[in-house]
Visitor: 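Let me give you the structure first, and then I'll get to my questions.
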Amino acid sequence: MPTKTYCWAIIDAMREEMARDDRVFLIGEDVAVAGGAFGASRGLLDAFGPMRVRDTPISEEIIVGLGVGAAMAGRRPIVEIMFIDFLGLCLDQIANQAAKTHYIYDGMFKMPLVIRMSSAVEMGIGPHHSQAWEAIVAHIPGLKVVMPSTPRDAKGLLKSAIRDDNPVIFIEHIAMHRIKEEIEDDEDFLIPIGKADVKRQGTDVTVVASGLMVARALAAAERLAVDGISVEVIDPRTISPLDFDTITASVSKTSRCLVVSSSHKNFGFGSEVAAEIGERAFFDLDQPVRRLSPPFTPAPFGRQFDQFLNPDTDAIVAAVRDLMA
Amino acid sequence: MPTKTYCWAIIDAMREEMARDDRVFLIGEDVAVAGGAFGASRGLLDAFGPMRVRDTPISEEIIVGLGVGAAMAGRRPIVEIMFIDFLGLCLDQIANQAAKTHYIYDGMFKMPLVIRMSSAVEMGIGPHHSQAWEAIVAHIPGLKVVMPSTPRDAKGLLKSAIRDDNPVIFIEHIAMHRIKEEIEDDEDFLIPIGKADVKRQGTDVTVVASGLMVARALAAAERLAVDGISVEVIDPRTISPLDFDTITASVSKTSRCLVVSSSHKNFGFGSEVAAEIGERAFFDLDQPVRRLSPPFTPAPFGRQFDQFLNPDTDAIVAAVRDLMA
Amino acid sequence: MTQDPITLYRSMLLIRECEAQLNDLFAKNVFPGYIHSYLGQEACAVGVCSGLNDTDYVVSNHRGRGHYLAKGMALKPMMAEMLGKATGICGGRGGEMHAADPALGILGGNGIVGAGMPIGAGAALAAQMDGLGAVSVVFFGEGASNNGAFGETLNVAAAWKLPLIMVCENNLYAEMTPFVQTVGQPDVAARATGYGVASEIVDGNDVLAVRAAAGRAVDRARAGDGPTLLELKTYRWGGHFEGDPRKYRTRNEEAEWKARCPVARFRRHLLAEVGVEEDRLVTLEAAVAAEVAEAVTFALDSPLPAPETALLKVFA
Amino acid sequence: MTQDPITLYRSMLLIRECEAQLNDLFAKNVFPGYIHSYLGQEACAVGVCSGLNDTDYVVSNHRGRGHYLAKGMALKPMMAEMLGKATGICGGRGGEMHAADPALGILGGNGIVGAGMPIGAGAALAAQMDGLGAVSVVFFGEGASNNGAFGETLNVAAAWKLPLIMVCENNLYAEMTPFVQTVGQPDVAARATGYGVASEIVDGNDVLAVRAAAGRAVDRARAGDGPTLLELKTYRWGGHFEGDPRKYRTRNEEAEWKARCPVARFRRHLLAEVGVEEDRLVTLEAAVAAEVAEAVTFALDSPLPAPETALLKVFA
Ligand SMILES: Cc1ncc(C[n+]2csc(CCOP(=O)(O)OP(=O)(O)O)c2C)c(N)n1
Ligand SMILES: Cc1ncc(C[n+]2csc(CCOP(=O)(O)OP(=O)(O)O)c2C)c(N)n1
Ligand SMILES: [Mg+2]
Ligand SMILES: [Mg+2]
């Protein structure tokens, strides 16, 4: 199996799906000639030409709206919003239009729209380029929200997203762009949306971790294993709809659960998991579900703040130990 | 004490605060000559003139942005966004600008901005005029989010919001506009932001209910009292920051908690309360915290759907009985 | 698609009659929710849509019945949709602000002012990619032209030479606020030039003038020469919605505009210039009234959708 | 506020020198994060801000150092802010895209393209309410003029005759994409007329031309005659940020624009037209270089803010 970076996994997914289905196209700021602000669409303009790979003006509302309208007219658009922090400029098209079109019109239109948004949490770029906003879109019915944590997951999920007849918010973390992994060389390699992945099996504690936090949870599990604490790490991969069956089964086994996320605890991912698991597995739990998240502040400029604010492996280890105490 | 409607309570709050402090002004669509799309600014143009009460174009982004800039330049703006469903057009100014300005600039600017947004949940107006989006803004650090459920609360909270040096999202429910209540005739009558209100004392179950749901929770409590079930009803009044001390104290006493909200369960108000209370009062709980919310669908047109989708008194009664079983 | 004058007149009548009957239902308190009446603007929808094919797209707004009917939406399911009935074209879940028919290129209405413009541009982009000469038309009010989406749409459409026709129905008011009080320059069309978009200002109460201007825009779009902004000067006879007491304007102003009634004006034209016999029109008028009455009865007699259907179709 | 030519030159030099030194830090790998260099655009900020008072407002964007310095921000705390240091004007938490000084009317930068325009309009609204003749200036790139906020701002400013000066620094590129490829019409200023806003296109590399045009705009604003859009045609010498390989343009094009260097050009003007002695300029240049070097040292030597300070000041 060839080894690919997270960034090339994304490019490959788009290239394969564009080759497979000529209704698929890509638009966004700097996606064509420059090959993507972060290089995540290199080669696509050459491969598919300017009709299907286009640079847009800095007009986030219409970037998404173009996708909505083109999808209603039978295309399968991929639109890129450079940073998820720009959500506030296009949320109407996402939440009121893309998410509701199939529903309002009683199923007369499909909405096969993929909205790729980069996350730059913990890259020190400052308050407008550091936000984990998956919880906002996950609160909107009619959207699927996907957040891959490895190159293989990125490829398989993006291909599924492009083939999905519903709007999918696809959150790419640019800090992971250079991570490498072996990926099946199969043009029909797909990872299902809505299915969590047990990234490590364990018996004592369930750690639910998403995005950047998955690798840290796995590192923490390694360290805790040395002390005989067996950690099961679950990566939901899809933030909405969340695969609570897999998580509940794990927690019923381990009786303890920690949720680790880059999104704020308040009204965030951790609360959603804690509430639902607290309900589904209440009588199996030995301890309350704990949440580990950055404190409820904006993200100032600079790595030293990012590192201080965001959960790291040490913090996960400590939180798991606390749960075991 | 004079009796006032919810709508006039809002008008009175603005009029008193505008009279008290000439830095306060009001802008929004139809707020001036028409006195508000729902009549909630009647008389203010006459009282304060066109410099301080202005009709804006249909430009939600700049409506909020005008407030942000004017606040940075020393004013205390009240801006009105007609329906909270239009949040997607102005979220950037709310979440990236208003919420973060004090923080980013190290406290050099205050942000005494009130953003009034009407909620029309359960009024049958259809998918673009029916959404309970308090959870979205409550996920953003730097914002306060207030949601009054009675005329007196509306007045006291709005006055506090206008006097607050931080951005406050003030969510008014137009279905409550005609409700009447006695309100203190005192120009310094304030209700503190961030403090929950125990609307009814009880010993068996805590029902946390917000907005429209408060009255239903109280009605449910009446009915349950007949059967000897004593329900404590807590209205958080402020959605962010949430007053978990009050809620925890209640749950520690009752050992059971139900959260009732117009916002979707998924990543919503119910999850936030359930997660935090699940954590704070875990060992006091006899049952998991339960959440009652509309199912995870858009809101179609028409009252019959709204009534079907949203929790009513019967549903609250049933959920409380379940918790007591 | 050429249409004979009688067909144009019929289309305007249909809208006129629908609006009248819906207002009547409202007065009788049997209409659920708001009615955003299209009375007075009939020439806009008909003038524009009469030059379109079924493969062309139309994106509507909150004041959409005129657009739906002019683009050919079947009367009964449309009427039932307005009443939120199960027999409605969206099963009653769209309601007064939302109806669509993909087979006719009708891509829905909207509850969000301005949101249709980016969507219309998206349909135009799809049409451009298809390369079959289809065009996309987006209808919006002059109030919507103050929303950010307007500038973004003009610009993208110009940059990409999209086959997009932006039709601004300038009826002078946005809700209760006169347009002139919210702008520095009262012609919406004047904004097009700066973005490199062609534009025309047209008497929106003259169906033939609208039709001619729309025809030029459609030709330009089909030829690959890019977008056009049409500003149709018109007037909504009713309030923003039915029941609006219309304190922001005078009854006198309303009377003046009613004197410029687009339907009556075209009727006079048919009689005087085209030489149609009045009998023929009277027959037609009766037929349309009957057809609409039948649709209203159909809609009223139709059941509400079962509430549980609200749980369906969140996803495809 | 009139400023003598030497002061103008000094202000441009200060910016030039800062940018050069920051690029140097970047090359040495000691700069944290991105640098959005202002090299080449010095005449824009200086030409505009030299005509403003401390009570006038300036709203900046992601490419803000020129604006900050031209409006008088103290050099050391500004430099320290760029490096995210505790001695920075925002305690190091704003960083490269955010600095402000309320006492000088500097209302911050922005990480969101276009978001400053509504904020600038808000400051102009406050100024209008204050009635003391202050104006508000918002700087933005030509790329930002494609964002919805632009149209909304032009319109509101015109409708309300706000004392707002919208300064578009058209440096031809938005990130890696040439502006001309994203528009149907290449002059941003042309969009003003349609909204009823006055506008001028100015050579953005000619500080005196910019100053004169800005002066006219400021006069108009102070007189209550409303907003102006100034489009300053200029060029950013560096990439979108330092390290950008600039594949989207030729080295030749860059050389041509560098030949039109605004600093060198004004220097020639001072020597040839104003009759300043070259010695005086050489001395000044050395002094500015020393001042900037000192500020860089100050910034480098300053401590990082304590991470725990991130928890402070979420609320007032
Ligand atoms: C984004 C948004 N803002 C405000 C509203 C409330 N609203 C509904 S219709 C309307 C007026 C629209 O005016 P115009 O565009 O001129 O269309 P008209 O109603 O005159 O046909 C307003 C303000 C809305 N639905 N959406
Ligand atoms: C809303 C938004 N979209 C995209 C970006 C990414 N971005 C940062 S700067 C920039 C280019 C801005 O171009 P222009 O306005 O011309 O300013 P310049 O950088 O040329 O000074 C872009 C696309 C952003 N920060 N904000
Ligand atoms: Mg109108
Ligand atoms: Mg630029």
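Naming convention: chains lettered A, B, ... in sequence-line order (proteins, then strands); numbering from 1 in each chain.
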Visitor: Among B/G268, B/A99, B/G278, who wins on heavy-atom pairs under 4.5 Å with chain A?
Guide: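 The answer is B/G268.
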Visitor: Starting at NZ of B/K265, measure out to NE2 of A/H139 and round the result to the nearest 0.5 Å.
Guide: 13.0 Å
Visitor: Heavy atoms only: give me the nearest A/Q287-B/F283 pair and the separation to one decimal.
Guide: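 Closest approach of A/Q287 to B/F283, heavy atoms only: OE1-CZ, 4.0 Å.
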Visitor: With chain A as the partner, which of B/E272, B/E61, B/Q93 has the greatest number of non-hydrogen pairs under 4.5 Å?
Guide: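 Going by pairs under 4.5 Å, I would pick B/E272.
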Visitor: What's the shortest heavy-atom distance between B/F267 and A/F269, and which atoms?
Guide: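 Closest heavy-atom pair between B/F267 and A/F269: CE2-CA, 3.7 Å.
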Visitor: Sort by residue number and list every residue of residues 237-247 of chain B having at least one heavy atom under 4.5 Å from chain A.
Guide: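 Heavy-atom contacts from residues 237-247 of chain B to chain A are B/I239, B/S240, B/L242.
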Visitor: In residues 101-119 of chain A, which residues are in contact with chain B at a heavy-atom separation under 4.5 Å?
Guide: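 A/Y103, A/I104 fall under the 4.5 Å cut-off.
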Visitor: At what distance, to the nearest 0.5 angstrom, does CD of A/Q131 lie from NZ of B/K100?
Guide: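 Those atoms lie 3.5 Å apart.
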Visitor: Below 4.5 Å from any heavy atom of chain B, which atoms of A/R291 appear? Answer side chain, backbone, both or neither.
Guide: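 Interface part for A/R291: both.
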Visitor: With a 4.5 angstrom heavy-atom cut-off, could you sort out which part of B/I277 is near chain A: side chain, backbone, both or neither?
Guide: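 No part of it gets close to chain A.
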Visitor: Which heavy atom of A/P298 sits nearest a heavy atom of B/P141, and at what distance?
Guide: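 Shortest heavy-atom contact: N-CG, 3.8 Å.
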Visitor: About how many Å separate CZ of B/F296 and CD1 of A/I140, when rounded to the nearest 0.5 Å?
Guide: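 Rounded to the nearest 0.5 Å, the CD1-CZ separation comes out at 7.5 Å.
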Visitor: Taking side chain as everything from C-beta outward and backbone as N, CA, C, O, which of these in B/E60 sits under 4.5 Å from a heavy atom of chain A? Side chain, backbone, both or neither.
Guide: neither
Visitor: Below 4.5 Å, heavy-atom pairs only: which of A/A275, A/A95, A/P288, A/A274 has the largest tally toward chain B?
Guide: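 Of A/A275, A/A95, A/P288, A/A274, A/P288 has the most heavy-atom pairs under 4.5 Å with chain B.
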Visitor: Picking from B/P127, B/A138, B/S263, which has the most non-hydrogen pairs under 4.5 angstrom with chain A?
Guide: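 Option with the top pair count is B/A138.
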Visitor: Can you tell which of B/V259, B/D92, B/V273, B/L87 has the highest number of heavy-atom pairs within less than 4.5 Å of chain A?
Guide: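 So the answer, after comparing B/V259, B/D92, B/V273, B/L87, is B/D92.
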Visitor: Check whether B/R290 gets within reach of chain A through its side chain, its backbone, both or neither, counting any heavy atom under 4.5 Å.
Guide: both
